[in-house]
2 protein chains.
Amino acid sequence: MKDTTNTDRVFKALGDPTRRKLLDLLCERNGQTLNELCEHLAMARQSATQHLGILEAANLVSTTKRGREKLHFINPVPLHEVYERWVRKFEVQRLSLLHQLKTELEGE
Amino acid sequence: MKDTTNTDRVFKALGDPTRRKLLDLLCERNGQTLNELCEHLAMARQSATQHLGILEAANLVSTTKRGREKLHFINPVPLHEVYERWVRKFEVQRLSLLHQLKTELEGE
DNA sequence: AGAATATGCAGGTAAATGCCTGCATGTAAA
DNA sequence: TTTACATGCAGGCATTTACCTGCATATTCT
């Protein structure tokens, strides 16, 4: 395995629709068990486990055991960091484009 | 090929570090040619072309031809949409966590 | 026109990815 | 304690991915 940065892991994790769905499910109700999450996915439990493992490696999900069950909790911090450190700077471009468009429209 | 949504394509495109670097490069200076972009990557020109194709398919980059050159421009709109429609809702979680932490600290 | 430059297009390949099945383990309920 | 349930672990397999090389095309410069 290559040495991957945190940012790398987060973006990689978000690159899969199943994993985004898992985050969506946890956003609706936090602390769900593996089985509960599986009910909403069209795949084997073991596959879901792998996806959750990737989310956990990216620090987007953390877990605890309660008896024989495993509870999953969402961690929004890495998402926020990625936004702050990476996505935000493209906002500058976007706003300048909007400004440009606006002044062009006014010139007509 | 499967039917992929726009959101899908954007996240998939962002999942690769080379493609994020390309966006970074275009953010620094918009409208660069293929060759200019290649100079900053450690791979064959043809590989970079493929990455740019994926960014274009995700509508994150648009291009024009100027003579024999191809100019690449960044399009920040899809990034903003993804943020608004997807990332933002996790902010609610994050802020509530912060609030929770704050009140717990105050209780000590 | 001929040479140099910028890019396009088409396979080919090793590794990563996403999914599966089968079986093992640990915990709770009867 | 036996049985059912929730999850863990390992290996296999088809597809996708990210890279490559080789050659074709189009534009500019001499």
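In what follows, every chain begins at residue 1, and chains take the letters A, B, ... in the order their sequences are listed. As the structure is a prediction and not an experimental result, all values here were calculated from the model.
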Side-chain hydrophobic cluster, 4.5 Å single linkage: members besides A:Leu71 | A:Phe73
Cluster question for you: counting only ILVMFWY and a side-chain heavy-atom cut-off of under 4.5 Å, with indirect links fine, are A:Leu25 and A:Met43 together?
-> yes
Which ones in residues 16-26 of chain B lie close to DNA chain C, meaning a heavy atom under 4.0 Å from one of its atoms?
-> none
N-O pairing of B:Asp24 and A:Lys89 below 4.0 Å | yes
Interatomic distance where NZ belongs to A:Lys12 and P belongs to C:dA15 [whole Å] | 15 Å
Sequence neighbours excluded, which residues qualify as salt bridge (charged side-chain N to carboxylate O under 4.0 Å, His left out) partners of A:Arg20?
-> B:Asp8
Here the residues of residues 57-73 of chain B within 4.0 Å heavy-atom distance, strictly under, of DNA chain C are B:Arg68, B:Glu69, B:Lys70
Minimum-distance pair of heavy atoms, taken over all atoms of B:Leu55 and B:Ala13 | CD2-CB, 4.2 Å
Side chains of B:Thr63 and B:Glu56: donor-acceptor distance under 3.5 Å anywhere?
-> yes
Verify same cluster id: B:Val77, B:Ile54 (apolar side-chain graph, 4.5 Å) = no
For DNA chain D, which residues in residues 34-56 of chain B have a heavy atom at a distance below 4.0 Å?
-> B:Met43, B:Ala44, B:Gln46, B:Ser47, B:Gln50, B:His51
What heavy-atom pair brings B:Ala48 and B:Cys38 nearest, and what distance separates the two atoms?
-> CB-SG, 3.7 Å
What orientation do A:Phe11 and A:Trp86 show, parallel under 30°, tilted 30 to 60°, or perpendicular over 60°?
-> perpendicular
Qualifying side-chain hydrogen bond (donor to acceptor under 3.5 Å, both in side chains) pairs, either residue in residues 71-80 of chain A, two or more places apart = A:His80-B:Arg94
